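One structure is given below, encoded as structure tokens.
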Amino acid sequence: MARYNPKEVEPKWRRRWEDREVFRTRDDAARPKYYVLEMFPYPSGRIHIGHVRNYAMGDVVARYKRACGFNVLHPMGWDAFGLPAENAAMQTGAHPEAWTRKNIADMRAQLKALGLSIDWSREFATCDVEYYRWQQKLFLDFWKAGFVERRESYVNWDPVDMTVLANEQVIEGKGWRSGAVVERRKLNQWVLKITDNAEDLLAAIDDGRLKDWPENVRAMQRNWIGKSKGARFRFRFAPGTPAPAGFDGVEVFTTRPDTLFGASFVAVAPDHPLAAHFAASDPSLAAFIAECQKSGVSAEAVETAERKGRALPVEVSHPFVKDRTLPVWIANFILMTYGTGAIFGCPGHDQRDHDFATRYGLPIIPVVLPEGEDPQTFSVAKEAFTGDGALYNSGFLNGLSVEAGIEAAIARLEQQGVGRGETQWRLRDWGVSRQRFWGCPIPAIHCPTCGVVPVPEKDLPVKLPEVAAEEFKTPGNPLARTPAWLNVPCPDCGAAARRETDTFDTFVDSSWYFARFAAGRPDRPVDRAAADYWLPVDQYIGGVEHAILHLLYARWFARAMTATGHLSVDEPFRRLFTQGMVTHATYRDSRGQWLFPEEVVIEDGRARHAATGDAVEPGPVEKMSKSKKNVVAPEVIADSYGVDAARWFVLSDSPPERDVEWTEAGVNGAWKLVNRIWDLAEPHKGALAGLRPPAGSSELRRATHAAIAGVTDDIEHFRFNKAIARLYEFLNVLKRADAAAEADRAEALHALVRLIAPFTPHLAEEVYEHLGGQGFVCDAPWPKADEALLVKSTVVLAVQVNGKRRGEIEIAADATTAEAEKAALALEEVRRHAAGGVKKVIVVPGRIVNIVAA
RNA sequence: GCGGACGUGGCGGAACUGGUAGACGCAACGGACUUAAAAUCCGUCGGCCGAAAGGCCAUGGGGGUUCGAUUCCCCCCGCCCGCACCA
């Protein structure tokens with residue numbers, strides 16, 4: 001028997017697919033389209049097993065949809081700008097572009113070796129001038145449409161990467177990439193006004209437009225956008241206190257204006273202007289403010305920080321109660337960046353205010369009475385009550401619910417002319433300026449007389465200049481040191497001017513690549529007709545680490561591109577799937593050094609060092625990472641088992657949304673499977689030649705059609721592990737079907753080869769050819785299950801007595817309830833267990849018979 | 001603290017809208033083939049009692065609804081993820 005040799009077979013089929021341009025996609029309005037997209041990779045230089053899993057999933061869907069008759073778009077490209085290229089330049093002296101291009105070439109070869117059904121003719125990198133020039137055009141259109149602003153603002157400055165970070169890129173006060181503690185700096189920034197769309201970005205999460213997104217991602221986006229409805233209003237300074245010059249009271253934001261009668265103080269942030277005003281003449285206040293600003297923003301610091309404050313020498317009037325005044329404090333738990341940087345404290349119904357009031361002896365007044373509580377005995381002395389109830393101690397609000405109270409309070413504030421209802425957002429506008437070289441230049445020119453002017457469209461692209469590799473060894477941005485590029489005449493007045501030296505955040509690059517894949521054109525960003533055909537992406541697949549940033553920005557870009565006439569979709573990704581990670585065991589030697597898996601041998605369940613024989617300490621199973629050395633190289637796996645086995649394994653063991661642990665035993669099992677399929681098909685050379693549709697019902701035919709129905713349903717629902725389990729079941733039946741009729745066997749093999757094709761495409765082609773199939777199996781139509789063969793003529797029903805299984809009966813599928821009952825009661829075991837008499841019999845046709853006995 | 005997901009054999013995991021818990025795979029064990037090993041093939045495989053037939057227990061724990069609960073409801077416990085002094 002010929003052995004299956006993936007080393008020969010796999011490259012052979014990849015060559016044939018490529019020679020025949022099998023996966024080349026053409027726009028074809030007559031056919032239904034299906035756009036499958038996996039998040040494109042950053043060209044780090046090597047693919048890892050996580051990529052294999054991600055792209056294998058997309059490939060299963062793409063190949064399956066192709067077979068179902070869809071015109072499938074499945075492209076690939078490179079998220080190619082960004083800091084690592086500049087870091088590499090600093091360390092190795094390679095130019096960022098050369099480094100990036102080399103990495104792309106390496107990774108392209110590795111990805112191609114996976115046998116993915118990708119239309120490589122659409123490939124591009126975001127650092128291609130032909131891509132980023134159209135990004136500049138989009139930016140100019142956005143600018144014209146009013147979506148762009150230049151703002152001087154405090155920014156998050158990463159002192160290691162020497163660049164600005166978006167809020168989203170600051171994690172627990174540290175840079176998302178460098179891990180350095182982020183500083184605050186004031187800079188002029190280019191800003192995309194994504195908050196203008198906050199309402200719609202939020203509404204789409206819950207109005208059905210994102211119904212096929214995972215719940216956790218929708219929740220994260222909802223949190224991030226962070227809508228809170230409430231009131232903004234002004235406390236006037238109380239008569240008799242010295243009103244500070246230049247201030248017109250204290251403006252606060254609250255979501256609970258209904259609790260205003262319970263207010264016992266007003267508090268402002270340490271960096272609030274009012275605090276600064278008083279600190280100027282009071283060193284102890286200034287010291288307190290400095291202390292607040294020093295305290296960390298880490299989770300622990302926040303968790304353990306005490307509520308602290310200092311009273312200011314000023315009081316304000318209560319807007320609803322004549323002659324009632326409230327003290328004004330600086331408090332360390334008030335954020336200047338949210339709302340107005342000032343609040344009123346209602347200790348009875350907010351725990352933070354309660355802590356503060358307790359510490360400083362401020363009054364605690366309950367104003368919300370939970371249902372069923374007695375106003376005489378109800379107390380908030382120990383803990384704030386934040387739930388719903390009826391308002392009391394609250395003047396004109398008495399008796400109202402919290403919700404009605406909020407409305408009534410806002411109405412009164414408006415009537416008094418001190419405030420209004422307002423919605424606050426946690427979402428901030430998107431600062432897109434980066435002080436880096438390796439990015440898309442922002443097409444703007446700074447003129448001393450005309451100010452900031454857009455680069456005229458006819459002058460696009462603004463190309464990155466040629467810069468010597470050594471330039472990157474000097475900190476800072478080489479663009480600012482390249483006079484030939486930097487100095488240009490002003491497009492408006494012709495005077496000497498300078499180019500903008502900031503480049504775009506790379507999240508801009510990845511915000512519209514999906515549209516460029518679908519509808520790229522040499523003369524514009526996207527072709528509207530092609531975009532209308534292909535978009536939205538039907539299935540988007542990627543890691544959950546992009547749940548907020550990338551996905552939110554891309555959603556906004558789709559809206560902005562639609563508003564500027566480039567697209568007609570607001571939501572770019574109809575279905576989203578976030579796959580789990582690939583994990584691997586970790587190992588350390590006796591000195592605590594991490595070891596590569598291949599350095600470790602497992603004997604009798606104990607880990608030893610392969611070379612020295614020393615004992616090895618097994619660590620936890622973790623996400624593969626270079627630092628812990630728990631990585632396996634895809635090409636090594638492909639070399640020993642073939643990529644089909646690797647693809648099969650990463651999909652077989654766990655549900656796709658969950659992490660999967662990479663084990664040698666697991667991939668070895670997949671390798672055995674590949675061989676089993678080949679060995680099973682090998683003796684039946686040419687079996688498909690005289691293929692005639694068989695008639696009648698046999699065990700093999702029923703198994704064949706059950707497998708077709710099951711695998712189809714599982715792929716449709718992204719349950720690849722279950723699809724694979726069903727294929728195993730089918731194989732087990734097929735293997736034992738020695739006595740099956742030739743026609744039945746041929747039908748089974750024909751179904752099998754098409755069902756495995758999305759998972760193990762090379763093997764499927766080889767088997768298909770061997771069996772005498774015509775053309776490519778990847779072009780063959782998806783098999784269709786015969787409903788008649790899925791219906792069983794007899795069924796086995798479990799028989800329970802008092803809910804406990806006591807036996808089973810085999811009975812005609814269309815047997816009546818009475819017949820089933822009779823057969824069940826005739827069982828010996830049933831008679832024994834129901835000796836005391838039968839009270840009732842429940843028959844669920846096709847399922848179960850349950851006898852209720854005395 | 002808020003939000004989301006989850007908890008089933010030695011392991012990864014199945015179980016459609018409540019209806020035979022443990023499909024399928026891995027590991028392990030026994031056997032066949034082999035000089036031997038690998039590969040392959042056959043078989044066993046949740047726990048306890050039992051020679052067997054069979055019985056009892058069992059889906060994190062405790063209650064409830066139901067003829068029947070891994071599935072629905074309530075209360076706990078544990079783990080993972082995201083956000084976090086957001087007023």
Side-chain angles (χ1 to χ4, degrees), chain A residues 3 171-172 214-224 226-228 230-231 252-257 259 267 269 297 299 301-303 305-307 331-335 337-346 349-353 355-356 386 424-426 544-545 547-548 578 605 621 648-649 652-655 657-661 663-670 672-673 675-676 679 710 713 717 719 721-732 735 796-808 829 832 839-853:
Chain A
R3 288 266 295 171
I171 292 142
E172 291 182 358
E215 188 50 49
N216 61 335
V217 174
R218 294 166 61 209
M220 284 187 236
Q221 294 233 338
R222 214 180 280 125
N223 278 345
W224 192 262
K227 178 180 185 175
S228 35
V252 299
F253 175 76
T254 179
T255 56
R256 295 293 303 274
T259 63
V297 286
V302 166
E303 201 77 37
E306 283 180 90
R307 316 261 181 253
N332 65 345
F333 61 97
I334 310 299
L335 301 175
T337 50
Y338 188 79
T340 61
I343 60 136
F344 74 81
C346 176
H349 304 283
D350 181 293
Q351 192 55 45
R352 291 162 305 181
D353 298 346
D355 295 345
F356 192 80
T386 56
Q424 277 288 330
W425 302 89
R426 211 189 82 110
V544 73
E545 65 272 20
I548 299 170
T578 52
V621 174
W648 181 271
F649 173 62
S652 66
D653 241 30
S654 292
E657 68 276 12
R658 248 185 257 181
D659 292 351
V660 65
E661 185 187 350
T663 61
E664 195 68 19
V667 71
N668 193 52
K672 291 197 311 204
L673 175 277
N675 285 290
R676 261 177 74 189
D679 293 347
D713 191 52
H717 292 94
R719 298 186 292 235
N721 59 322
K722 286 182 63 185
I724 283 174
R726 285 186 208 276
L727 285 167
Y728 274 112
E729 281 178 352
F730 179 35
L731 280 171
N732 290 340
K735 195 171 61 180
V796 177
L797 294 190
V799 179
Q800 298 180 335
V801 177
N802 290 337
K804 281 207 163 96
R805 185 179 178 280
R806 296 300 177 186
E808 58 186 36
E829 300 94 317
R832 188 146 45 86
K839 283 212 287 208
K840 191 177 168 189
V841 180
I842 291 131
V843 180
V844 183
R847 294 272 188 213
I848 207 162
V849 180
N850 190 15
I851 289 142
V852 186

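Reminder, nothing fancy here: chain letters follow the sequence lines and each chain counts from 1. Bear in mind that the values here come from a model prediction, so they are computed numbers and not experimental data.
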Q: Spell out yes or no: do the side chain of A/Asn850 and the base of B/rC67 have one donor N/O and one acceptor N/O closer than 3.5 Å?
A: yes
Starting at [atom1] of [X] and ending at [atom2] of [N], how long is that distance when rounded to a whole Å?
| X | N | atom1 | atom2 | result |
| --- | --- | --- | --- | --- |
| A/Glu545 | B/rG82 | CD | P | 11 Å |
| A/Lys735 | B/rG43 | NZ | P | 9 Å |
| A/Asp659 | B/rA5 | CG | C1' | 13 Å |
| A/Arg726 | B/rG13 | CZ | P | 18 Å |
| A/Arg426 | B/rC2 | CZ | C1' | 12 Å |
| A/Arg676 | B/rC41 | CZ | P | 7 Å |
| A/Trp224 | B/rG4 | CH2 | P | 19 Å |
| A/Glu664 | B/rC11 | CD | P | 22 Å |

[N] OP1/OP2 closer than 4.0 Å to side-chain N/O of [X]:
| X | N | value |
| --- | --- | --- |
| A/Asn732 | B/rG25 | yes |
| A/Arg658 | B/rG12 | no |
| A/Lys804 | B/rA21 | no |
| A/Asn223 | B/rG4 | no |
| A/Ser228 | B/rA87 | yes |
| A/Arg719 | B/rG13 | no |
| A/Lys722 | B/rA15 | yes |

From C-beta outward on [X], which listed nucleotide comes closest to its side chain: [options]?
| X | options | result |
| --- | --- | --- |
| A/Tyr338 | B/rG4, B/rA87, B/rC56 | B/rA87 |
| A/Ile842 | B/rG13, B/rA87, B/rC67 | B/rC67 |
| A/Glu215 | B/rG13, B/rA87, B/rG4 | B/rG4 |
| A/Ile334 | B/rA87, B/rA39, B/rC67 | B/rA87 |
| A/Val796 | B/rA87, B/rC24, B/rU20 | B/rU20 |
| A/Val844 | B/rA23, B/rG19, B/rG4 | B/rG19 |
| A/Ile343 | B/rG12, B/rA87, B/rC26 | B/rA87 |
| A/Arg805 | B/rA27, B/rG3, B/rA21 | B/rA21 |
| A/Pro655 | B/rG4, B/rA14, B/rG12 | B/rA14 |

Interatomic spacing from [atom1] in [X] to [atom2] in [Y] - rounded to 0.5 Å:
| X | Y | atom1 | atom2 | answer |
| --- | --- | --- | --- | --- |
| A/Arg726 | A/Glu729 | CZ | CD | 7.0 Å |
| A/Lys735 | A/Leu731 | NZ | CG | 8.5 Å |
| A/Asn721 | A/Glu657 | CG | CD | 8.0 Å |

Q: Map A/Asn802 and A/Ser652 onto RNA chain B by nearest heavy atom, then report which one ends up closer to the 5' terminus.
A: A/Ser652
Q) Would you call B/rG9 syn or anti, using the 90° rule around 0? A) syn
Q. For A/Ala853, does its backbone N or O pair with a side-chain atom of A/Asn802 as donor and acceptor, under 3.5 Å?
A. yes
